[in-house]
Amino acid sequence: MIKNICCIGAGYVGGPTMAVIAQKCPHIKVTVVDLNEKRISAWNDKDVNNIPIYEPGLSNVVAEARGRNLFFSTEVDKAIDEADMIFISVNTPTKTYGVGKGMAADLKYIELCARQIARVSKTDKIVVEKSTLPVRTAQAIKDILEHTGNGVNFQILSNPEFLAEGTAIEDLFAPDRVLIGGDVTLEGQKAIQALVDIYANWVPKDRILTTNVWSSELSKLTANAFLAQRVSSINALSELCEKTGADVNEVARAIGMDSRIGSKFLKSSVGFGGSCFQKDILNLVYIAKSYGLNEVADYWEQVIIMNDHQKRRFAKNIIKTLYNTVSGKKIAFLGWAFKKDTNDTRESAAIYVADDLLSEQATIAVFDPKVEEDQIQFDLNYLETRSEEANNKGVQVASSAYDACKNAHAIAVLTEWDEFKTYDWQKIYDNMLKPAFVFDGRNILDKQALEKIGFVYQGIGSR
Ligand code: UDX
Ligand code: ADP
């Protein structure tokens, strides 16, 4: 029976997942390690509200388990040495260099972890890949562990994460399914059972699926590709709706009531973001291409092409509506996170819309309830479109939405934060330049109420 778990990587996946395992399994000691000292000290902050990840319900779980059987530490070697089971939850960004640049996953962090595990381990261990990884990564981890290890036996499992940010705790408490892939050998099956036993502490057995390693890895990419495809599909229709006078919200409702289609993931938006969708599809495309399956690759790549188009189209529409120039104009951004209820900004549509508007010499004033100023500047600088100085000059970060909108020509809603709906929109209108425009990239505001105040309102996918 597993008594000691180590998780390498205290990020959006490792942090919440381990907090929930620790809360649900008080008999298991769970240590989450990370190289990033600042992140670990934030996880250990006396005030649980200061933990580095904003996720509804997470601070309560951490408050209950931390110090009891949940620990955060930078002592990676020690935690690896003590553990019977090691989760790898490090980041796997898209490669920014060399072969597969812009497509393949960069596995350098995973490889470093595998080498570290191989170097430190003195007893048998089950290694669980938790990060989103391309198919066949488990094999790479296995090769490293078997060839550089010290005679220790390793079993490698794939246990992809299906939690969505913003609802991570709900998703972890009551997952639709838990997927565990492992070897078909006797040892492989024993390792699978050890992980099944952990989840069985709170997840009904019929929701725990076991498969071979490749199926598990590929299922993760496929699930994200299907979800992203739905968003790109409805977004493709949003452009047609704008031209024809149909309303994409009405279309989504009508098709969503077909039980074969279902109502989820049909919200038209300025484009999907997040750390998974684009990365996973690019991985799928890269894998398909590497097997010479060009039609398969092209099919999935179109989901990304559509999403890029949707982001670009939103920025273009703002420019066109503001009389074909935004030079010197102030545009307020409500929201920077890639979705509500998270402080994560990876691949957020806001970054790309801001980048396009800055290239047109607009000034942007951002307000997001959970994202910090440094992160916003970091996201823009990462694109390397212009100097850091120019980004600093072009983007102000406001401490309230009211400040962001003061003397603005237009407002762009980039994240669907609930609080935006509760604002005093009359007050916002009174302090803006006229005509005052709202470009609702999330279709969350009340069009009729805003038009009554005097705003010129444009949502996505309707006139
Ligand atoms: C996703 C998967 O849902 C999750 O299972 C996986 O483990 C990780 O990737 P996440 O990226 O956290 O989760 O958020 P998700 O809720 O899937 O949203 C992704 C993006 O799509 C967001 O930018 C969201 O705003 C957008 N979206 C989602 C839409 O634009 N319309 C929709 O109808 C749904
Ligand atoms: P995710 O969304 O996949 O959780 P994050 O970037 O939020 O991604 O978290 C990944 C974490 O993994 C980061 O905090 C990073 O510092 C950590 N990390 C990466 N490589 C290593 C390593 N070799 N050892 C320990 N921690 C690592």
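Read the numbers this way: they start at 1 and go in the same order the structure lists the ligands and their atoms.
At a heavy-atom cutoff of 4.0 Å, ligand 1 is contacted by the side chain of K220 but not by its backbone. Looking at L227 against ligand 1, only its side chain comes within 4.0 Å, counting heavy atoms. For R346, no heavy-atom contact with ligand 1 is shorter than 4.0 Å. Only side-chain heavy atoms of C276 come within less than 4.0 Å of ligand 1; its backbone N, CA, C and O stay farther off. In I234, neither the side chain nor the backbone holds a heavy atom less than 4.0 Å from any atom of ligand 1.
Inclusion of G273 in the set of residues having an N or O under 3.5 Å from an N or O of ligand 1 is warranted. Geometrically, ligand 2 and R39 share a nitrogen or oxygen pair separated by less than 3.5 Å. In terms of polar-atom proximity, defined here as any N/O pair under 3.5 Å, S275 makes no such contact with ligand 2. Residue contacts with ligand 2: Y12 is placed with a nitrogen or oxygen under 3.5 Å of a nitrogen or oxygen of the ligand (distance criterion only). Remark: ligand 2 and Y109 share no N or O pair separated by less than 3.5 Å (distance only, no angle test). Considering both main-chain and side-chain atoms, F338 comes within under 3.5 Å of ligand 1 through a nitrogen or oxygen pair. On a distance-only criterion, L266 and ligand 1 share at least one N/O pair closer than 3.5 Å. The distance criterion of under 3.5 Å between nitrogen or oxygen atoms is not met by E416 with respect to ligand 1. In terms of polar-atom proximity, F162 is counted as a contact of ligand 1, with an N or O under 3.5 Å from an N or O of the ligand. By the 3.5 Å distance cut-off applied to N or O atoms, K339 is counted among the residues near ligand 1.
Heavy-atom distances between K340 and ligand 1 stay at or above 4.0 Å for every pair.
Distance from atom 4 (O) of ligand 2 to its nearest protein heavy atom, with residue and atom name: V13 N, 2.9 Å. The closest protein non-hydrogen atom to atom 9 (O) of ligand 2 is G11 CA, 3.3 Å.
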- Y382/I351 under side-chain contact (heavy atoms from CB on, under 4.5 Å): CA gap, chis, key distance, verdict: CA-CA 10 Å; Y382 191 76; I351 304 169; over 6 Å; no
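Between D77 and R119 there is a salt bridge, with a side-chain nitrogen of the basic residue lying less than 4.0 Å from a carboxylate oxygen of the acidic one.
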